[in-house]
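The analysis underlying the following values was restricted to heavy atoms, covering all of them including side chains, and did not include hydrogens, waters or symmetry mates. Small disclaimer: the values here were computed from a predicted structure and weren't measured.
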Amino acid sequence: MNTRRTFLSAVAAGSLVPLHRAVGQATPAAVAGPRSSHPIALSTYSLWRFRNDELRDFHKCIDIADEMGFDGVELLLYQLEQNEMLSHSKLMSYKRHALRLGLPLVGLSTHQGWVTPDRQLRKENTDRTIGQIEVAYKLGIPTMRVNTGRWGTSGSFDALMKNRGIESPLPGYTDEDAFPWVIEALEACIPTAEKCGVVLALENHWGLGLTPEGILRIVDAVDSPWLQITTDTGNFLEEPYERLEKIADKTVFVQAKTYFGGGQWYSLDLDYPRIGQILQKHNYRGYISLEFEGMEDYRTAIPKSLELMRAAFPRVPA
């Protein structure tokens, strides 16, 4: 008892070093007030990249995001194998894993293809998209990236990138034919999105989303709060800042690309503080999801990218 009293008295007097400091751990500084930057998420695409099979598993991606200090994770649905997609218990294991780490799943990135005169094929893509919305709902994910799809006349994606995302329509058709197809398909998805509480976010991607005018034409025609925009900082290859400004007001999610080591298809020297100012001007306060697309090893490039994002996207008071 005397030993215990002596110990407690010493701690109260400050003459003993606390246990966590005795084992070499620094005392974290207490920081009051709101967070200093937008919440920064890691897209699992940054790791898998359609080629790194050892980084395909969502559990591993979630662990890496946690270890590197991200605030959330965006899942690329393409990474799931078909048997995983059909397994409810497997899907729920990702939700449970993220919860245990205190790391929210904040976005689901999906693919669609509505730019086709084939009505049955468009219907199949709509049905698949509705199923993807329900996957997002099961995982507790509030927003889902969608795209228009493209004509497919380029052949390979490498060829499309060589032509800077520009693609000729199928013979006998124009882009004007395709806009009603995409609008009709997205309108069919809206009731499920509203029921599930998942905001669809059309990305400035290839196809009809290649220009701000194209993406706004679709979003404005659907005219629903359940269809907004995913802004990808790396998909406007010309006049990026002027074009990003045009879609900023309807942006609910941001994918920010970095290219350390040189890009796989191209590199952009983006002024991220300027992009941050554009988003601030339009009162964007949501997530920034890192899409690393460079050739440097992810173990060094992604931490550098995170540092860049935190500096470029301060979260100023509303």
As a quick check of understanding, evaluate side chain to side chain donor-acceptor pair (under 3.5 Å) for Tyr272 and Thr258, giving each step before the final call.
CA-CA 10 Å; Tyr272 269 112; Thr258 60; over 6 Å; no
Residues Arg49, Glu293: salt bridge by 4.0 Å N-O rule:
no
salt_bridge(Asp71, Arg310) N-O dist < 4.0 Å
yes
Check this for me, if you would: do Glu81 and Arg56 make a salt bridge, where the nitrogen-to-carboxylate-oxygen distance has to be below 4.0 angstrom?
yes
Using a strict threshold of under 4.0 Å (side-chain N to carboxylate O), is an ion pair present between Lys123 and Asp127?
yes
Result for side-chain contact (heavy atoms from CB on, under 4.5 Å) between Glu203 and one of Thr148, Thr231, Asn235, Val146 points to Asn235
CG of Leu103 to CG of Asp63, rounded to nearest 0.5 Å, is 9.5 Å
Can you tell me how far apart CG (Asp223) and CD (Glu187) are? Round to the nearest 0.5 Å.
9.5 Å
Return the minimal non-hydrogen interatomic distance between Leu42 and Leu47, and the atom names on each side.
CD2-CD1, 4.0 Å
For residues Thr233 and Ala256, report the shortest heavy-atom separation together with the two atoms involved.
OG1-CA, 3.3 Å
Kindly indicate whether a cation-pi arrangement holds for Lys304 with Phe260, taking the cut-offs as under 6.0 Å to the six-membered ring centre and within 45° of the axis.
yes
Determine, stepwise, if the pair Asn125 / Arg122 fulfils side chain to side chain donor-acceptor pair (under 3.5 Å).
CA-CA 5 Å; Asn125 274 267; Arg122 297 200 306 269; over 6 Å; no
Using a 3.5 Å distance criterion without hydrogens, assess whether the side chain of Asp297 forms a donor-acceptor pair with backbone atoms of Arg299.
yes
Show your working on side chain to side chain donor-acceptor pair (under 3.5 Å) between Trp48 and Asp57 and close with a plain yes or no.
CA-CA 8 Å; Trp48 178 49; Asp57 179 68; over 6 Å; no
Heavy atoms of Leu139 and Leu91 approach each other most closely as CD2-O, 3.2 Å
When you check the gap from the basic side-chain N to the acidic O, do Asp232 and Arg145 get nearer than 4.0 Å?
no
Quick check for you: to the nearest 0.5 Å, what is the distance between Gln132 atom CD and Thr110 atom OG1?
4.5 Å
Heavy atoms only: give me the nearest Ala65-Val73 pair and the separation to one decimal.
CB-CG2, 3.7 Å
List in chain and number order the residues that pass side-chain hydrogen bond (donor to acceptor under 3.5 Å, both in side chains) with Asp249, two or more places apart in sequence or in another chain; answer none if no residue qualifies.
none
Would you mind checking if Arg217 and Glu176 are paired as a salt bridge, meaning a charged N to carboxylate O distance below 4.0 Å?
yes
Side chains of Ser289 and Glu74: donor-acceptor distance under 3.5 Å anywhere?
yes
Are Leu108 and Met85 connected in a single hydrophobic cluster, I mean Ile/Leu/Val/Met/Phe/Trp/Tyr linked by side-chain heavy atoms less than 4.5 Å apart?
yes
Give, for atom CG of Leu270 and atom OH of Tyr241, the distance between the pair rounded to the nearest 0.5 Å.
5.0 Å
Between CD of Gln228 and CZ of Phe253, what distance do you get to the nearest 0.5 Å?
14.5 Å
Output the distance between atom OG1 (Thr211) and atom CG (Leu216), rounded to the nearest 0.5 Å.
8.5 Å
Under a 3.5 Å threshold, yes or no: a donor from one side chain and an acceptor from the other, between Trp114 and Thr126?
yes
Donor on one side chain, acceptor on other, Glu291 and Ser46, under 3.5 Å
no
ring-ring contact (aromatic ring centres under 6.0 Å, His included) contacts touching residues 77-96 (sequence neighbours left out)
Phe50-Tyr78, Phe58-Tyr94, His59-Tyr94, Tyr78-His111
Please assess Ile229 against Val252 for the test side chain to side chain contact (heavy atoms under 4.5 Å, CB included), listing each intermediate value before the final yes or no.
CA-CA 6 Å; Ile229 293 175; Val252 296; over 6 Å; no
Between Asp271 and Arg274, is there a donor-acceptor pair closer than 3.5 Å when you use the side chain of the first and the backbone of the second?
yes
